[in-house]
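Sequence positions, counted from 1, serve as the residue numbers for this chain.
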Amino acid sequence: MILATISDEELRKAAEEGTWNFIEAVNGALLKAIGGELTAENIGELNSDQITLIGYAALHEEVMDGGFVELIHNGWGGFIFLNPFAKAMRLWGVDELATMLNKGHRLYCKYHSEIERDCTDDEFMALFEKYPEFDSLDDTFVENEESFTDTVARYVDNHLSNFVNIV
């Protein structure tokens, strides 16, 4: 198992800058330790908490940038919806996010093949109009992002040794 390292100073500075910065710092250390991105080759070197944090960071970045349609189009849909990610979120105390992801699972299964296909920029932008069912998920995530992120950060902070070694 890979246990990434982060300096105490870097971690403290990130935490002082806010919960998202704290998550980004830990996630960044994890990504650095595995070569920059989660792959089929390196996922087995991480524990479930580390994998879940990388997934949450990707979910956050994608949904805050372009919603669930963008998340699915950019290849994260299977990771989020076909793995026990929602269960992990519930175990971490992010129950409302887990419930929302379970609702999103049905939409993912129904529409993913169309959303995941290669397309032009115009075709991609049209996907948002074509699949308005994702709008309520997007809205719920954005409205609750701060609470979700605070809960994730609290879990990470309380289980820091599962994620990184502090040097």
Side-chain angles (χ1 to χ4, degrees), residues 1-105 108 112 116 134 137-167:
M1 180 185 77
I2 289 178
L3 207 53
T5 59
I6 190 169
S7 74
D8 185 56
E9 180 181 335
E10 182 182 354
L11 194 59
R12 286 183 192 281
K13 183 178 182 220
E16 288 171 6
E17 293 172 356
T19 54
W20 179 245
N21 296 75
F22 172 75
I23 289 171
E24 280 188 310
V26 175
N27 186 60
L30 289 171
L31 291 174
K32 182 179 177 184
I34 60 171
E37 75 177 299
L38 188 63
T39 66
E41 292 77 34
N42 64 28
I43 196 168
E45 298 176 35
L46 301 171
N47 65 41
S48 60
D49 276 345
Q50 293 168 321
I51 295 166
T52 300
L53 182 63
I54 291 170
Y56 181 77
L59 171 73
H60 182 279
E61 297 263 338
E62 295 287 343
V63 174
M64 294 301 287
D65 187 50
F68 280 91
V69 168
E70 184 169 308
L71 172 111
I72 295 166
H73 182 75
N74 288 340
W76 283 98
F79 182 88
I80 298 298
F81 294 112
L82 299 179
N83 287 303
F85 183 77
K87 180 179 180 182
M89 288 291 94
R90 192 168 309 284
L91 292 172
W92 285 19
V94 198
D95 294 339
E96 188 172 352
L97 177 56
T99 300
M100 185 183 76
L101 292 172
N102 287 332
K103 290 177 186 172
H105 177 263
Y108 172 79
H112 78 92
E116 290 171 342
F134 288 98
L137 295 177
D138 297 343
D139 292 344
T140 299
F141 188 90
V142 170
E143 290 166 8
N144 294 285
E145 177 274 334
E146 189 174 322
S147 172
F148 296 160
T149 297
D150 287 348
T151 305
V152 168
R154 196 168 29 259
Y155 181 88
V156 172
D157 190 38
N158 289 336
H159 301 89
L160 205 50
S161 64
N162 291 354
F163 297 92
V164 292
N165 281 325
I166 301 171
V167 294

Shortest non-hydrogen contact from [X] to [Y]?
X: Asp138; Y: Phe68; answer: OD1-N, 2.8 Å
X: Ala29; Y: Val164; answer: CB-CG1, 4.2 Å
X: Ala25; Y: Ala14; answer: CB-CB, 3.6 Å
X: Glu70; Y: Gly66; answer: OE1-CA, 3.4 Å
X: Glu37; Y: Asn42; answer: O-ND2, 2.8 Å
X: Gly55; Y: Ile80; answer: O-CD1, 3.8 Å

If you measure from [atom1] on [X] to [atom2] on [Y], what distance do you get to the nearest 0.5 Å?
X: Leu137; Y: Leu101; atom1: CG; atom2: CG; result: 8.0 Å
X: Met100; Y: His105; atom1: CE; atom2: NE2; result: 14.5 Å
X: Ile51; Y: Glu45; atom1: CD1; atom2: CD; result: 10.5 Å
X: Ile166; Y: Leu160; atom1: CD1; atom2: CG; result: 4.0 Å
X: Lys103; Y: Phe134; atom1: NZ; atom2: CZ; result: 14.0 Å
X: Ile54; Y: Ile23; atom1: CD1; atom2: CD1; result: 13.0 Å

Q.
With side-chain contact (heavy atoms from CB on, under 4.5 Å) as the test, pick out the partner of Leu97 among Asn144, Thr140, Asn102, Leu59.
A. Leu59
Not counting sequence neighbours, list each pair that qualifies as a side-chain hydrogen bond (donor to acceptor under 3.5 Å, both in side chains) and has a residue in [range].
range: residues 156-167; answer: Asp49-Asn162
range: residues 11-20; answer: Asp8-Arg12, Glu17-Asn21, Thr19-Asp150, Trp20-Glu24
range: residues 52-64; answer: Tyr56-Thr149, His60-Glu145, Glu62-Asn74

[X] side chain to [Y] main-chain N or O, any donor-acceptor pair under 3.5 Å?
X: Gln50; Y: Ile2; result: yes
X: Asn83; Y: Phe79; result: yes
X: Asn27; Y: Ala57; result: no

Q: Let me see the working for Trp76 and Val63 under side chain to side chain contact (heavy atoms under 4.5 Å, CB included), right down to the final yes or no.
A: CA-CA 11 Å; Trp76 283 98; Val63 174; over 6 Å; no
Q. For the residue pair Trp92 and Tyr155, does the interplanar ring angle fall in the parallel (under 30°), tilted (30 to 60°) or perpendicular (over 60°) class?
A. parallel
Q: Would you indicate whether the side-chain heavy atoms of Leu82 and Tyr108 approach each other to under 4.5 Å?
A: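 SC-SC contact between Tyr108 and Leu82 confirmed.
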Q: State, yes or no, whether a side-chain contact exists between Phe22 and Arg154 at a heavy-atom distance under 4.5 Å.
A: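 With C-beta onward as the side chain, the pair stays apart.
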